[in-house]
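Below is one structure, written out as structure tokens; comments come after it.
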Amino acid sequence: MHAKELILLNFEEVRRRSIKVWSALPAESLHWRPDDNAFTCADLIRHVLEGEYLYHQILLNKGSIAKTNPFEARAFLSVEDELAFARPYREGFLHYITTLHPDDLHTVEIDRSNVGYIRTLGDMLLRVAYHESIHTGQLLGYMRTIGVERPNIWD
């Protein structure tokens, strides 16, 4: 496998496992949070899906964040609704990865020096998947705390 194929496989596997966790959350648990300053379960799901959209815009713009955010004006209705809404943005993001030249992964720089870093495109792509992974683990911790059965994501 080449680097792009591995990156795409990683994105698919991370999302597959996230969906297993998200789908295991009972509707009555979606608005639970460990304290008043924390994200709710629904907030975490939205944060991941919205974050992928925003990261995609950052990558397209080589560092600048999107001026518009289609997730901002939406109410969270259900996991299924969020996934359906995010699907075209996800497909666009994955398509973007397929269009990259292998050299782009280490030669294209994403300049986010305004927030403290400059990274290569390949590094940024791995960070996007890592971001989702971290929040999936966070949700598993939430589920343990509230006594919800956790799905086996290590299949």
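- Heavy-atom minimum distance, S113 versus I118: CB-CG1, 4.1 Å.
- Judged as a side-chain hydrogen bond (donor to acceptor under 3.5 Å, both in side chains), and not counting sequence neighbours, R87 has no contacts.
- A continuous path of Ile, Leu, Val, Met, Phe, Trp and Tyr side chains, each step under 4.5 Å between heavy atoms, connects L59 with I65, placing both in one hydrophobic cluster.
- Aromatic rings from H56 and Y89 are positioned such that their centres are separated by 6.0 Å or more.
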Let me check something: any side-chain donor-acceptor pairs from residues 22-30 under 3.5 Å, sequence neighbours excluded? List them with distances.
residue	atom	partner	partner atom	Å
S23	OG	I19	O	2.8

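- In this structure, L44 is not a member of the same hydrophobic cluster as Y130, with clusters built from ILVMFWY side-chain heavy atoms closer than 4.5 Å.
- Panel note: side chain R119, backbone M124; no donor-acceptor pair is recorded below 3.5 Å.
- Looking only at distances, a side-chain donor or acceptor of R112 sits under 3.5 Å from a matching main-chain atom of G63.
- Qualifying side chain to side chain contact (heavy atoms under 4.5 Å, CB included) partners for N69, counting only residues two or more places apart in sequence or in other chains: E50, Y53, L54, F71, E72.
- The two residues R46 and R74 come nearest to each other via the heavy atoms NH1-O, 3.1 Å.
- Linking ILVMFWY side-chain heavy atoms closer than 4.5 Å, directly or via other members, places V108 and L60 in a single hydrophobic cluster.
- In this structure, F39 and I45 have side chains that are not in contact, with every pair of non-hydrogen atoms separated by 4.5 Å or more.
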Return a table of donor-acceptor pairs under 3.5 angstrom between the side chains of residues 146-155 and protein atoms on other chains or two or more places apart.
residue	atom	partner	partner atom	Å
N152	OD1	W154	N	2.9
D155	OD1	R16	NH1	3.4
D155	OD1	R16	NH2	3.0
D155	OD2	R16	NH1	2.9
D155	OD2	K20	NZ	3.2

Between side-chain atoms of residues 2-11 and protein atoms elsewhere (two or more places apart, or another chain), which donor-acceptor pairs fall under 3.5 Å?
residue	atom	partner	partner atom	Å
K4	NZ	T98	O	2.9
K4	NZ	L100	O	2.6
E5	OE1	H2	N	2.7

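- Residues passing the side chain to side chain contact (heavy atoms under 4.5 Å, CB included) test with H106 are D103, sequence neighbours excluded.
- The aromatic rings of Y55 and H131 sit perpendicular to each other, their planes meeting at more than 60°, with 30° as the lower class boundary.
- In terms of modelled atom types and a separation under 3.5 Å, the side chain of D104 and the main chain of H101 share a donor-acceptor contact.
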